[in-house]
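Note on naming: letters A, B, ... go to the chains in the order of the sequence lines (proteins, then strands), and numbering restarts at 1 for each one.
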Protein chains: 2
Amino acid sequence: MKKTPIWKAIADALRGDLAEGRYRTGERLPTEAALADRFGVNRHTVRHGISALVEEGLVHTRRGAGAFVAATPTDYPIGNRVRFHENLIAAGRRPEKQMLMLDERAATAGEAQALEIAAGDPVCAYHGLSLADEHPVAIFESIFPLVRLVGITQALKKTDGVTAALRLVGVDDFTRVSTRLTAVRATATQALLLQVAEGDPLLKTTGVNHSDLGQPVEYGRSWFAGDRITLTLET
Amino acid sequence: MKKTPIWKAIADALRGDLAEGRYRTGERLPTEAALADRFGVNRHTVRHGISALVEEGLVHTRRGAGAFVAATPTDYPIGNRVRFHENLIAAGRRPEKQMLMLDERAATAGEAQALEIAAGDPVCAYHGLSLADEHPVAIFESIFPLVRLVGITQALKKTDGVTAALRLVGVDDFTRVSTRLTAVRATATQALLLQVAEGDPLLKTTGVNHSDLGQPVEYGRSWFAGDRITLTLET
DNA sequence: GGAGATTTGTGCGTATGTATG
DNA sequence: TCATACATACGCACAAATCTC
């Protein structure tokens, strides 16, 4: 019989609560004092347990505010000095971009969190398809916060690219602050667009671009056909 | 001017010592009591700092024995030395590695090409499973060219990690020259090992590590459970 | 905007458990 | 067996950020 530390038992209990969906994304956990009281332990012991969840990426804390349920299930950083490079244009392939939809709507909770705006704030949604040699290779989706980027929708209609459109609304430079990669199944819609079978594996990337002022200006998601595309990371 | 906590300053100081090579790999750090005395702080404060280094993967601790240097990071100021698995481990979550198979055989055509050897040349194949919190998260497979790395199989048996094993056979340093990412379906075997359903999407990564002489010394492949793991790239 | 309460972060002290050598 | 060293856990105090009124 292995003896499990109290802090780990607390972490496990909380992780279980999260797994069961007893807390929603972004929701605040009980305070350390409340948890310490509930489990009948010292506040430090609770903190130790919570810190484990923070390391796992399940929870993030804000001093003075509380501990909140993180959006992502598990994140594994794989390096700080890695450049993300989409190597779509491998040897003589002609890339194209095709706009599928462009409209303005209210931000979902996840989009709002990524863009650091309030849920329901107006955003511009830009959907499209990337092709190489006339074969679809990826679906992309860019969300722009309208509160910061007035006129981005019109700019996207006029120009032919995100960079140019952002420049039109005053964002001369932006940097990608994070990229996340995971594998998912193709939904029916995605399968149709990418011309793969429903349920086929897709490589999903999500990322946020910040302006030089440090504000999020674009939340992008892409789905690559797993059997057709390989992303390469160059050091 | 930002105020840095004492524990962070201690972590930085120790990390600096490691970067300068003042401790060798495997060497024991001063005891917590000694460090607490040196820095004039409480032992808990030292522990907090050391725990940060443990999470980064720079140090590992053994109860009753001490804290030991895990790796000397020469890549701090400049450097494109991305140690894929080490960085995964740095994410914390009490990772484990479980060896599944270790044998010597002839290289397949693809392995030979990646390692720049002749097809059929003898290689060492090292298969394993990565776990976090006792849950499988990835399958890894490393192929080593025996023509360049005599005794690597025995070294892998003795040591507990690729880095240490390579050092045993004379490769003190190596660099990942490329990483490729794609999404695939889980085979029956992979599904069993990763405890997912057959056909579930997996994030597949492949990469080659070169020695400081520029020769390929390892061809690695990993399969991550797509619904459980997100790789993050930080700029 | 300001004052006070709340909540997390940091740090110290103490005690005991457990693995190591 | 015994001392050493890390691991866990409690308690106290204050700082810093946040939230509420």
Atom [atom1] of [X] to atom [atom2] of [N]: distance rounded to whole Å?
X       : N      : atom1 : atom2 : answer
A:Ile10 : D:dA9  : CD1   : C1'   : 10 Å
B:His44 : C:dT14 : NE2   : C1'   : 8 Å
A:Ile6  : C:dT18 : CD1   : P     : 12 Å
B:Glu32 : C:dC12 : CD    : C1'   : 15 Å
B:Arg47 : C:dG13 : CZ    : C1'   : 15 Å
B:Trp7  : C:dC12 : CH2   : C1'   : 17 Å
A:His60 : C:dT8  : NE2   : C1'   : 14 Å

For this session: Look at the rings of B:His48 and B:Trp7 and say which category their plane angle falls in: under 30° parallel, 30 to 60° tilted, over 60° perpendicular.
Result: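 Rings of B:His48 and B:Trp7: parallel, as their planes differ by under 30°.
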Of the listed nucleotides [options], the one nearest the side chain of [X]:
X       : options               : value
B:Arg43 : C:dG13, D:dA7, C:dT10 : D:dA7
B:Arg62 : C:dT20, C:dG9, D:dA5  : C:dT20
A:Thr31 : D:dT8, C:dT8, C:dT10  : C:dT8
A:Pro5  : D:dC6, C:dT10, D:dA9  : D:dA9
A:Arg28 : C:dG9, C:dT7, C:dC12  : C:dT7

Over all heavy atoms of both residues, which pair between [X] and [Y] is shortest? Give the atoms and the distance, please.
X        : Y        : answer
B:Leu156 : B:Cys124 : CD1-SG, 3.8 Å
B:Pro30  : B:Arg38  : CG-NH2, 3.8 Å
A:Ala155 : A:Ala165 : CB-O, 3.7 Å

For this session: Indicate yes or no: does A:Glu111 engage A:Arg221 in a salt bridge with an N to O separation below 4.0 Å.
Result: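 Result for this pair is yes, salt bridge flagged.
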Exercise. Which residues, if any, of residues 34-42 of chain B bring a heavy atom under 4.0 Å of DNA chain D?
Worked result: none
Exercise. If we only count heavy atoms from C-beta on, is the B:Val123 to B:Glu104 side-chain gap below 4.5 Å?
Worked result: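 Side-chain contact under 4.5 Å: no.
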For this session: Any chance you could lay out the ring-ring contact (aromatic ring centres under 6.0 Å, His included) test for A:Phe144 and A:Tyr219, step after step, and finish with the verdict?
Result: CA-CA 7 Å; A:Phe144 304 90; A:Tyr219 171 50; over 10 Å; no
Exercise. When you check the phosphate oxygens OP1 and OP2 of D:dA7, does a side-chain N or O of B:Thr61 lie under 4.0 Å from one of them?
Worked result: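 Checking B:Thr61 against D:dA7: at least one side-chain N or O falls below 4.0 Å of OP1 or OP2.
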For this session: Name the residue closer to the 5' end of DNA chain D, choosing between A:Ala65 and B:Ala67 according to the nucleotide with the nearest heavy atom.
Result: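 With A:Ala65 and B:Ala67 compared, the 5'-side residue is B:Ala67.
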